[in-house]
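Reading through the structure tokens given below for one structure.
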2 protein chains.
Amino acid sequence: MAIYLIRKLEHFTKLSSEEKRALEQATSLKRRHLNPREDLIYEGEKPDSVNLINDGWACRYKVLEDGRRQILGFLVPGDVCDMRMFILKEMDHSIGAISPVSVSEIPKDTIIELTDTYPRLSRAFWWNSLVEDSISREWVVNNSQRDAVERMAHLFCELFVRLRMVGLTNGDSCEFPLTQAELGETLGLSTVHVNRTLQEMRAANLVVLKGKSLTIPNLEALQEVGLFNDNYLHLERNGHEMDANE
Amino acid sequence: MAIYLIRKLEHFTKLSSEEKRALEQATSLKRRHLNPREDLIYEGEKPDSVNLINDGWACRYKVLEDGRRQILGFLVPGDVCDMRMFILKEMDHSIGAISPVSVSEIPKDTIIELTDTYPRLSRAFWWNSLVEDSISREWVVNNSQRDAVERMAHLFCELFVRLRMVGLTNGDSCEFPLTQAELGETLGLSTVHVNRTLQEMRAANLVVLKGKSLTIPNLEALQEVGLFNDNYLHLERNGHEMDANE
DNA sequence: CCCTTATGATAACATAGGTTAAGCAGGCGC
DNA sequence: GCGCCTGCTTAACCTATGTTATCATAAGGG
């Protein structure tokens, strides 16, 4: 069940079959299912386990006092939420399901055991958190410096690349369960403008977005439009070779 | 020389005098001075030491291919740059000086020794990184959901609170070396609009900003305007009491 | 099968914020 | 003391994006 997580971590470092087995085992203890809009963790809570997304999409978000909502990041299969809990007293944002989501709950102690036993896993998890942070910074750039078309192009590129990392793309297509309202809450745009922008991008044949499915006819072109450079995702693929000791 | 760092970390956990001494020692080996606009680290580089800001302000930033620049965060005295280097191959952003800056360079090995010897320091550094990440997320919210006045108010509150943490405020005032252009690059606004917004805030007596000095006559009012809530800074002050074992 | 609710599409209009340009003050090199 | 920066201010004008409202369609519930 940890297949997507393993695929992702292997973009950082090769894992031994024992390490993979340990991951499989740790993630097969406890399952949970969430419906769209259901929350996994609330702002203010102190989680006591780590959650691995097996299936479906979730998002981190914050809601301002006056109701405005901002999505802070997406969690797709293979993503884990909140190693942070080892240190921080409480969540400073919430995590909610976007599509139907299946998660594996990994108790705190299991994580500690895992990382104590396998230092390479520990480093891989650390890498994973650092990449997430790097994504946050890139989002600051995206939502502050780019216009609507650029922003949307950039977001599509990021999600497509991330899904491709874990084998969840199909040629130039992937699942894409976001509504236009959610796109707006991500990019800091109104739903009306999200719609306009999408029309424009469809007209330019940059994307085909229909019925929860995204197709990118020409990824390179879209990357150019979005000023997208994947360096911030730190896909240090040579890790595969360099660090192998299986 | 690590006084600001120590003050900051003690917002998370009490430190023993031995731990403090070790920090002082680690940070007194090598100094560096930077002039405004000089870079500490470039995007693409792989740093091999950690830098502690002793004096002055620096910032993390990214530049888009077409020249647009976004400031991603500020580093003030007591802030450290880039524990990340233990894991990531290269910097995904640059760090540059804003005012004249004095930094202490701490070699990688010293950091390892320090965190191996004093697990509490290790946790404190971890906390520190998590807070930085949390700030990034808050900036996504700020620059995506808030209008110009709110954004600016929020930023002023954040910086004031952070400076107060390390004892660098003086009543309701603090040093504030940012130019209006830099404010614009931070908040995703043009310099003209930064100026307009400042006029408006001065007229409302929300801030006095003149000659590199910021005064906030009524912090509570400013927090309200900026929808500022300091929870994302994770000032877990009870750490002082709870965790003392000196 | 109808009713309701979520989503997407469009249009008309309003506005926050961007752009360009110009002037002005303070600091610094010479 | 002059000239030249860099930073701040202001004005006129422009445009990307927000707002409000309406309608169409699709999906799910009873």
Side-chain angles (χ1 to χ4, degrees), chain A residues 35-38 57 64 66-71 96-100 142-155 175-204 207-214 225, chain B residues 35-38 57 64 66-71 96-100 142-155 175-203 207-214 225-226:
Chain A
N35 293 317
R37 285 155 204 279
E38 219 175 315
W57 289 31
L64 298 189
D66 63 5
R68 283 174 276 179
R69 182 169 102 128
Q70 175 65 38
I71 290 179
I98 286 181
S99 55
N142 205 32
N143 288 5
S144 305
Q145 295 295 335
R146 297 195 246 258
D147 69 21
V149 171
E150 293 168 342
R151 267 182 229 188
M152 192 124 38
H154 191 278
L155 178 65
E175 240 187 275
F176 199 87
L178 300 185
T179 65
Q180 294 186 359
E182 285 159 343
L183 277 173
E185 289 169 334
T186 304
L187 299 171
L189 298 170
S190 67
T191 59
V192 174
H193 202 61
V194 166
N195 190 284
R196 281 196 280 247
T197 306
L198 275 172
Q199 302 303 334
E200 194 183 325
M201 293 177 74
R202 291 198 255 247
V207 295
V208 182
L209 181 58
K210 211 173 53 181
K212 310 275 168 235
S213 159
L214 171 70
V225 168
Chain B
N35 293 317
R37 283 153 206 279
E38 218 176 314
W57 289 30
L64 298 189
D66 63 6
R68 283 174 277 180
R69 182 168 103 128
Q70 175 65 38
I71 290 178
I98 286 181
S99 55
N142 205 31
N143 288 6
S144 304
Q145 295 295 335
R146 297 196 246 259
D147 70 22
V149 172
E150 293 168 341
R151 268 182 227 189
M152 193 117 59
H154 191 279
L155 178 66
E175 240 186 275
F176 199 88
L178 301 185
T179 66
Q180 294 187 2
E182 286 159 343
L183 277 172
E185 289 169 333
T186 305
L187 299 171
L189 298 170
S190 68
T191 59
V192 174
H193 202 62
V194 166
N195 190 281
R196 281 196 279 245
T197 306
L198 275 172
Q199 302 304 332
E200 194 183 332
M201 293 178 74
R202 290 198 254 246
V207 295
V208 182
L209 182 58
K210 211 173 52 179
K212 310 276 168 234
S213 159
L214 171 70
V225 168

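Because the structure is a prediction, the values reported are computed rather than measured.
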Length of the line joining Leu183(B):CG and dC8(D):C1', which is rounded to integer Å: 12 Å
Touch class at under 4.0 angstrom, heavy-atom based, for Arg202(B) against every strand present: sugar-phosphate
Partners meeting side-chain contact (heavy atoms from CB on, under 4.5 Å) with Glu38(B) (sequence neighbours left out): Leu34(B), Asn35(B)
Can I get a per-line list of side-chain donor-acceptor pairs under 3.5 Å for residues 187-194 of chain A, giving both atom names and the distance, sequence neighbours left out?
unit_1, atom_1, unit_2, atom_2, d
Ser190(A), OG, His193(A), N, 3.2
His193(A), ND1, Arg196(A), NE, 3.0
His193(A), ND1, Arg196(A), NH2, 3.3

Separation of Lys212(A) NZ from Ser99(A) OG (nearest 0.5 Å): 9.0 Å
Residues touching DNA chain C, which here means a heavy atom under 4.0 Å, drawn from residues 184-200 of chain B: Gly188(B), Leu189(B), Ser190(B), Val192(B), His193(B), Arg196(B)
Start and end of the DNA chain C segment that chain B contacts, any atom under 4.0 Å from a heavy atom: dG17(C) to dT20(C)
side-chain hydrogen bond (donor to acceptor under 3.5 Å, both in side chains) involving Thr197(B) - partner list, sequence neighbours excluded: none
Degree of bending, the helix from dC1(C)-dG30(D) to dC30(C)-dG1(D) (end axes from five pairs; round to 10°): 40°
Residues that Arg68(B) engages under side-chain hydrogen bond (donor to acceptor under 3.5 Å, both in side chains), provided they are two or more places apart: Glu150(A), Asp66(B)
Length of the CZ-C1' vector between Arg151(A) and dG18(D), whole Å: 12 Å
Polar atoms only, N or O, under 3.5 Å: list the protein pairs with nucleotides 4-7 of chain D and their distances.
unit_1, atom_1, unit_2, atom_2, d
dG7(D), OP1, Arg37(B), NH2, 2.9
dG7(D), OP2, Arg37(B), NH2, 3.4

Interatomic spacing from CG in Asn143(B) to CG in Asn142(A) - rounded to 0.5 Å: 11.5 Å
Sugar-phosphate or base contact per nucleotide [nucleotides 23-30 of chain D; S, B, -; heavy atom under 4.0 Å]: --------
Non-neighbouring partners of Gln145(B) that pass side-chain hydrogen bond (donor to acceptor under 3.5 Å, both in side chains), sequence neighbours left out: Gln70(A)
Atom pair CZ (Arg146(B)) and NE2 (His154(B)), whose distance is rounded to the nearest 0.5 Å: 4.0 Å
Listed partners of Glu182(B) passing side-chain contact (heavy atoms from CB on, under 4.5 Å), at least two apart: Arg69(B), Ile71(B), Ile98(B), Leu178(B), Thr179(B), Glu185(B)
Nearest-0.5 Å distance, CE of residue Met152(A) to CG of residue Leu183(A): 6.0 Å
Nearest-Å distance for atom pair CZ/P, residues Arg146(B) and dT17(D): 21 Å
side-chain hydrogen bond (donor to acceptor under 3.5 Å, both in side chains) against Arg151(B), all qualifying residues, sequence neighbours excluded: none
